[in-house]
Amino acid sequence: VGAGRRVHDMYVPVLAANPNIVVAGVWNRGAEKANLLGDAFGYNRFFSPDDLAQNCDALVIAVNSSALTELTMRCLEFKKPILVETPVWTKDVVARAAALGVSLAIAEQTPYLPSEQIKMMLLEQHAELFGKPHTVVNDNRTFEYHGFAQLRRYIGYGRQPVDVCGMSHSSPMTAFKDGNGVEQRGHIENWDNGQVRFDDGSVAVYNFSSLYNRCPYRKPRSLRIYTDRATISNDDNEFQVRVGFDDASSKEVVVHPTLDLSGKARSIDAYFKHGRKLCTWTAATKHLTDQQEALKVIVDNFAEHVVTQGATKLLYDASQGWTDFNLLMAIRASSQ
């Protein structure tokens, strides 16, 4: 459902990379876009979501955010598994999916980027070395609910938030040139700063400004994980990792990505400096970008969930999506 840029750029190559998935067809409110997509990739075109749903095992909804809730609520009535884009704007979507017994996966890819995968490999495969995260920080690295999805993955999606404290404020910025070299003047920078405490005592810290990623003097930025014995920090594929030992010594862990000419991560190795290798993340394919690799994790999990009739648990479902969106709203409500 949908035939815009997101479908062209992300879903077409990711769906094609899974040999167990056959695209039954496409429907879009604007027939012209559906025809362009169908002609380009050989997809069947349907004249309504109802016709499409009758000819498939599961649905993917990739439309703009203004139409997302309406089309999701409509498609839930077909009672077929759905993978839908972010965000989850309303709890009504979660409640309706639960009432109908429909599996509703959310295409929240940011926690499954290659840089995130290697960090989780360190935490999960070497828990005795790295310990359990107790404080996780998004320092202007990832915006809004995507940032919360990343932070909560470190802590564990099973942990429940119990307290939120937040502040929001705005201030003017001096002139700057953005990433395209275009001079920007007269901007107001909007900040959200918040802390979330979970039922196991762990804390997520969220700091983000509306212009941080566009402004060259707003550096550095990072995602950080703190445990009782280690610190893991990164901005994209630039890492700083250090782990401590009971004898009061500490060691640097090198996290080294191998990139292709386009900047895509082909593999990421983690090893002690001048010491043993800890783990390696390897790209699933040669032709997908880092963002597509991350979406592939979600799509492959969704496909397996459909094939096993729910026996394979969804990595990130509607209730998780609502939690992350709601945490952002809670910070702003706390500020008021």
Side-chain angles (χ1 to χ4, degrees), residues 10-11 14-15 17-22 56-62 68 72 75-76 78-88 90-127 132-133 136 145-162 196 198-200 202 204 225 279 281-282 284 288 291-327:
M10 296 294 292
Y11 281 98
V14 168
L15 292 169
N18 187 320
N20 297 316
I21 294 176
V22 175
C56 68
D57 300 306
L59 291 162
V60 172
I61 302 176
L68 198 58
T72 302
C75 289
L76 282 170
F78 302 135
K79 297 183 179 180
K80 294 193 174 186
I82 297 172
L83 172 62
V84 63
E85 279 293 302
T86 61
V88 179
T90 169
K91 196 174 183 179
D92 293 343
V93 169
V94 183
R96 188 58 180 161
L100 293 172
V102 174
S103 296
L104 185 58
I106 307 299
E108 180 54 81
Q109 70 206 39
T110 53
Y112 300 95
L113 289 163
S115 57
E116 298 301 297
Q117 295 280 43
I118 193 69
K119 288 189 288 185
M120 292 307 300
M121 291 173 75
L122 289 172
L123 291 171
E124 293 170 353
Q125 296 180 16
H126 299 281
K132 178 176 169 42
V136 294
Y145 43 86
H146 303 300
F148 278 112
Q150 290 175 322
L151 294 179
R152 287 203 309 118
R153 190 182 179 206
Y154 308 146
I155 292 171
Y157 288 137
R159 299 266 63 94
Q160 296 300 310
V162 292
V196 181
F198 294 84
D199 56 3
D200 65 344
S202 57
I225 303 168
C279 54
W281 173 87
T282 305
L288 297 181
Q291 292 288 339
Q292 291 167 344
E293 285 276 356
L295 181 61
K296 188 177 189 302
V297 175
I298 296 289
V299 167
D300 289 355
N301 167 254
F302 176 66
E304 186 68 17
H305 177 86
V306 174
V307 169
T308 62
Q309 298 182 336
T312 299
K313 185 180 178 181
L314 292 173
L315 290 174
Y316 192 93
D317 62 15
S319 63
Q320 301 295 354
W322 170 244
T323 295
D324 289 326
F325 181 79
N326 205 34
L327 285 174

So how far is it from I21 CD1 to L15 CG, rounded to the nearest 0.5 Å? 5.0 Å
Minimal heavy-atom distance between L295 and A107, with the atoms involved, is CD1-CB, 4.0 Å
Identify the heavy atoms of F198 and P161 that sit nearest to each other, and give their distance. CD2-N, 3.6 Å
With sequence neighbours excluded, what pairs up with R153 under the salt bridge (Lys or Arg N to Asp or Glu O under 4.0 Å) test? none
If the condition is side-chain hydrogen bond (donor to acceptor under 3.5 Å, both in side chains), which residues does T312 pass it with, not counting sequence neighbours? T308
Within a strict 4.5 Å, meaning less than it, do heavy atoms of the E304 and N301 side chains meet? no
Is Q150 reaching over with its side chain to a backbone N or O of T110, donor-acceptor style, under 3.5 angstrom? yes
Note: V306 and P81 closest approach over all heavy atoms is CG2-CB, 3.8 Å
In terms of heavy-atom contacts, C279 and I118 come closest through SG-CD1, 3.8 Å
Which pair of heavy atoms, one from A303 and one from N18, lies closest together, and at what distance? CB-ND2, 4.1 Å
Would you say that V196 contacts L151 through its side chain, given a criterion of any heavy-atom pair below 4.5 Å between the two side chains? no
Are the side chain of K296 and the backbone N or O of A284 linked by a donor-acceptor pair below 3.5 Å? no
Just how far is it from atom OH of Y145 to atom OG1 of T86, taken to the nearest 0.5 Å? 4.0 Å
List for me each residue that meets side chain to side chain contact (heavy atoms under 4.5 Å, CB included) alongside V88, sequence neighbours excluded, and say none if there are none. V94, I106, W322
For a quick test of reading the model, state the closest non-hydrogen atom pair linking L100 to K79 and the distance between them. CD2-CE, 3.7 Å
For K313, look at atom NZ and say whether over 12 heavy atoms of other residues, nucleotides or ligands are found less than 6.0 Å away. no
When you measure from the side chain of Y112 to the backbone of E293, do you find a donor-acceptor pair of N or O atoms at a distance under 3.5 Å? no
Donor-acceptor check, side chain of D324 to backbone of G147, threshold 3.5 angstrom: yes or no? no
From L315 atom CG to D300 atom CG, the distance as rounded to the nearest 0.5 Å: 10.0 Å
If I take atom CG from residue L123 and atom NE2 from residue H126, how far apart are they, to the nearest 0.5 angstrom? 10.5 Å
Partners meeting side-chain hydrogen bond (donor to acceptor under 3.5 Å, both in side chains) with Q320 (sequence neighbours left out): R152
Sorted by chain and residue number, the side chain to side chain contact (heavy atoms under 4.5 Å, CB included) partners of H305 (sequence neighbours excluded) come out as S103, L314
Once salt bridge (Lys or Arg N to Asp or Glu O under 4.0 Å) is applied, do any residues pair with D199, and if so which ones, sequence neighbours excluded? R159
Roughly how far apart are F302 CZ and L104 CG, rounded to 0.5 Å? 8.5 Å
Which residues pass the side chain to side chain contact (heavy atoms under 4.5 Å, CB included) test with S115, not counting sequence neighbours? L113, N234, N237, F239
Separation between OG of S202 and CD1 of I155, rounded to the nearest 0.5 Å: 4.0 Å
By salt bridge (Lys or Arg N to Asp or Glu O under 4.0 Å) - contacts of D317 (at least two apart): none
Under the rule for side chain to side chain contact (heavy atoms under 4.5 Å, CB included), what residues qualify as partners of A127, not counting sequence neighbours? none
Non-neighbouring partners of F148 that pass ring pair (Phe, Tyr, Trp, His ring centres under 6.0 Å), sequence neighbours left out: Y206
Which residues share a salt bridge (Lys or Arg N to Asp or Glu O under 4.0 Å) with E108, sequence neighbours left out: none
Below 4.5 Å, heavy atoms only, C-beta onward: do Y157 and P111 meet side chain to side chain? yes
Applying ring pair (Phe, Tyr, Trp, His ring centres under 6.0 Å) to F325 and not counting sequence neighbours gives W89
